Engineer: 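Starting off with a structure, shown below.
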2 protein chains.
Amino acid sequence: MTAPRRKVGIREVAALAEVASGTVSHYLNRPDRVSAEKAQRIRRAIDTLGFVPNHAGRQLRLGRSDAVAYLAPDVSNPFFAAVAEGVERRAAAAGLSVFIANTHATRDREDAYLRQFEQHRVRGLLVASHEPMEERLAHLRERGTPSVLLGRAAAGSAQPSVAVDEVMGGRLAARHLLELGRRRLAFVGGPLRIRQAGDRLQGAGDAVRESGAGSLEVLTTTVRTIAAGRAVAAELLARPATRRPDAVVAVNDLVALGLLQALVAAGVRVPEDVAVIGYDDIEFAAASLIPLSSIRAPQVDFGAAAVDLLLGLLDGTADDTQRTYPPELVVRASTRPQEQP
Amino acid sequence: MTAPRRKVGIREVAALAEVASGTVSHYLNRPDRVSAEKAQRIRRAIDTLGFVPNHAGRQLRLGRSDAVAYLAPDVSNPFFAAVAEGVERRAAAAGLSVFIANTHATRDREDAYLRQFEQHRVRGLLVASHEPMEERLAHLRERGTPSVLLGRAAAGSAQPSVAVDEVMGGRLAARHLLELGRRRLAFVGGPLRIRQAGDRLQGAGDAVRESGAGSLEVLTTTVRTIAAGRAVAAELLARPATRRPDAVVAVNDLVALGLLQALVAAGVRVPEDVAVIGYDDIEFAAASLIPLSSIRAPQVDFGAAAVDLLLGLLDGTADDTQRTYPPELVVRASTRPQEQP
DNA sequence: TTGAAAGCGCTAACAT
DNA sequence: ATGTTAGCGCTTTCAA
């Protein structure tokens with residue numbers, strides 16, 4: 001079906017246009033340096049031959065690509081999708097293209113992509129991951145590929161990162177619930193060795209401790225999905241109502257939505273019996289029938305910030321290589337103090 | 001910060017290992033053809049030099065890449081994300097890598113990516129788009145890059161495609177509502193020139209016509225987002241209750257969820273007053289507090305099917321190049337017949 | 001402004 | 001099993 005691509009290269013174009021191949025290259029890259037007449041001939045030759053520049057040849061000659069890579073655990077998670085958006089927009093503005101890769105939070109796939117992108121000589125990597133990454137990125141850096149860790153602060157100062165202050169996010173969430181008068185708090189999420197989860201729990205714990213009132217129970221999950229939220233709800237529902245928490249900080253919105261659904265389906269009133277707050281403020285949090293309170297990254301566009309940092313790294317103008325932003329609390333019905341009639 | 005990559009190539013590795021560069025190449029590509037001893041020396045040289053194969057050189061020599069491209073309007077839409085999943089999985093199994101591109105349903109960005117991927121000499125394109133694409137893809141095909149249109153059937157028989165029968169989906173949805181006894185149906189979505197929307201409406205219309213009972217009102221939107229759903233709900237709420245439809249077919253789940261939220265917030269009972277059904281069966285449809293009925297693609301993994309078709313195209317074994325699958329109805333609470341007490 | 005020509009790093013065909 | 005070598009298509013320096 002498909003016509004085999006007859007190998008037409010710059011030389012063949014040059015032959016047909018009766019110019020030197022170098023002139024065709026000039027026409028492609030700096031058209032202003034080519035006389036109108038030859039440009040015309042070249043244009044025609046390109047059309048008739050169906051010439052398409054071969055990127056590999058170009059890149060080989062240039063020694064570098066014009067692409068950056070974005071590795072995310074799961075692009076179907078709206079949070080990472082939103083970041084991808086920002087990355088693409090900013091990269092495009094800088095004349096770079098973006099390779100997006102889905103790692104499914106698997107070390108193997110991360111490694112495979114890292115290797116591949118290094119071989120592609122991408123200008124840099126933007127990496128969001130739940131796995132330990134700094135060592136691997138350090139190796140790439142030594143060999144010449146810089147990277148920006150996205151979404152969690154790097155531990156070592158050599159690794160640039162753009163992150164939200166997750167501890168503060170956990171604290172904001174728990175403090176909000178305490179201010180509502182709730183005292184039996186629960187944190188739902190895990191596994192806690194994942195920074196994202198561990199830090200958020202840490203913050204929630206801090207808030208409870210600081211308040212000097214209330215308790216914090218921890219219900220761990222192995223994944224952070226809607227289904228995990230439902231499963232924890234089932235545990236909670238198996239208890240007598242008095243032994244349930246009166247407020248829950250979920251590790252993310254997916255877990256919170258699963259929790260919310262299963263609790264409400266069982267007749268638990270939200271927020272009266274149990275207040276629920278999520279994290280990330282994905283679009284579906286606001287769209288729930290009981291809109292979900294959440295913690296969200298600040299207005300800054302994360303993806304864009306990461307690209308900016310990477311560009312700074314590349315041209316040596318990056319000042320602060322570890323950027324951390326404070327998150328914001330978004331209060332909606334799932335934790336709204338009820339009006340007194 | 002970043003160590004500049006000293007240009008280490010296969011020849012330098014060869015020199016250090018005291019073998020010929022061809023042997024290093026062999027070691028890289030068919031390790032079995034290299035003696036254990038030299039392999040050992042080569043391995044060591046690679047390590048000490050931090051050698052990373054240059055993909056551009058390889059591809060230039062090979063004349064083809066090992067990648068396919070997936071263009072989607074919006075990867076943050078869970079439907080396209082799910083497709084991406086399948087594409088990646090199947091492509092990986094076939095030893096291909098995948099470039100994912102977000103077009104934001106913009107013709108410009110589509111064009112830019114198409115051009116770029118053609119220059120990259122990808123093996124083929126998997127394209128999901130709301131824009132007219134067949135002409136553009138026909139040009140690429142003539143020049144040697146095959147493609148599979150994803151999600152909507154191609155009009156011309158020359159263009160391979162993997163699609164769901166959207167007309168049937170619309171019909172399934174409307175018929176279901178009619179069987180529930182609803183008579184004042186509304187279709188919400190648009191713009192109708194988009195196949196996805198037009199076909200689904202067509203099917204809904206067919207069902208109403210076939211039933212010989214009931215009416216179908218059309219409420220168009222310019223986009224298909226949660227916000228669009230809320231906006232239509234506002235229109236509906238402005239009417240006296242008796243003039244509202246008693247059942248709604250939404251063009252997708254996002255619109256349905258927006259509709260659902262705004263209606264319920266205003267005290268409309270779902271499904272008693274208005275039954276609502278969406279389309280696509282995204283994860284959040286099932287996770288809603290009133291779980292949303294929907295139409296979903298059949299069990300087949302679309303992404304995988306598209307990759308399979310592309311592979312078939314490439315090796316000439318593709319039999320049927322236009323594959324259309326019948327969708328399935330998923331009934332949940334938003335259209336569930338109420339139990340009679 | 002244009003032409004000629006030297007490689008960029010790799011693979012594979014061929015020779016040994 | 002290993003070495004030698006000719007390009008793949010392009011950009012760019014240098015000369016004219």
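Worth knowing before you read on, the calculation uses all heavy atoms, side chains too, and leaves out hydrogens, waters and symmetry mates. Not measured: the values here are computed from a predicted model. Below, read A as the first sequence line, B as the second, and so on, with proteins coming before strands; counting in each chain starts at 1.
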Engineer: When you look at CZ of B/Arg107, are more than 12 heavy atoms from neighbouring residues, nucleotides or ligands closer to it than 6.0 Å?
Structural biologist: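 Atom CZ in B/Arg107 is packed in, count exceeds 12.
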Engineer: Donor-acceptor pair, A/Thr317 side chain versus A/Asp315 backbone, under 3.5 Å?
Structural biologist: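 No; zero donor-acceptor contacts below 3.5 Å.
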Engineer: Given atom CG of B/Leu60 and atom C1' of C/dT11, what is their separation to the nearest angstrom?
Structural biologist: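 Going from CG in B/Leu60 over to C1' in C/dT11 covers 10 Å.
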Engineer: Mark up nucleotides 10-16 of chain D, 5' to 3', with B wherever a protein heavy atom is under 4.0 angstrom from a base atom, S wherever such an atom reaches only the sugar-phosphate, and - elsewhere.
Structural biologist: BBB----
Engineer: Which of these, B/Arg123, B/Arg143, B/Arg136, sits in a salt bridge (Lys or Arg N to Asp or Glu O under 4.0 Å) with B/Glu118?
Structural biologist: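 With B/Glu118 as partner, B/Arg123, B/Arg143, B/Arg136 yield a single salt bridge (Lys or Arg N to Asp or Glu O under 4.0 Å), made by B/Arg143.
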Engineer: When you compare the side chain of A/Gln59 with that of A/Asp66, does any pair of heavy atoms fall below 4.5 Å?
Structural biologist: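 Answer no - side chains too far apart.
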Engineer: Any side-chain to backbone donor/acceptor pair from A/Asn102 onto A/His104? Under 3.5 Å, distance only.
Structural biologist: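 Pair absent, no side-chain N/O of A/Asn102 close to backbone of A/His104.
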Engineer: Report, as yes or no, whether the 6.0 Å neighbourhood of atom CZ on A/Arg43 holds more than 12 heavy atoms from other residues, nucleotides or ligands.
Structural biologist: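 Enclosed: over 12 neighbouring heavy atoms sit under 6.0 Å from CZ of A/Arg43.
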Engineer: Does B/Thr103 reach the main-chain N or O of B/Arg109 with its side chain, forming a donor-acceptor pair under 3.5 Å?
Structural biologist: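 A pair under 3.5 Å: no.
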Engineer: Calculate the interatomic distance between B/Glu18 atom CD and D/dG3 atom C1'; express it in whole Å.
Structural biologist: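 These atoms are roughly 14 Å apart.
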Engineer: Looking only at non-hydrogen atoms, find the nearest pair between B/Leu137 and B/Leu125 and report the distance.
Structural biologist: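 Minimum heavy-atom contact is CD2-CD1, 4.4 Å.
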Engineer: Output the residues of residues 33-45 of chain A in contact with DNA chain C, where contact means a heavy atom of the residue under 4.0 Å from an atom of the strand; sort by number or write none.
Structural biologist: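 Within residues 33-45 of chain A, the residues near DNA chain C are A/Arg33, A/Val34, A/Ser35, A/Lys38.
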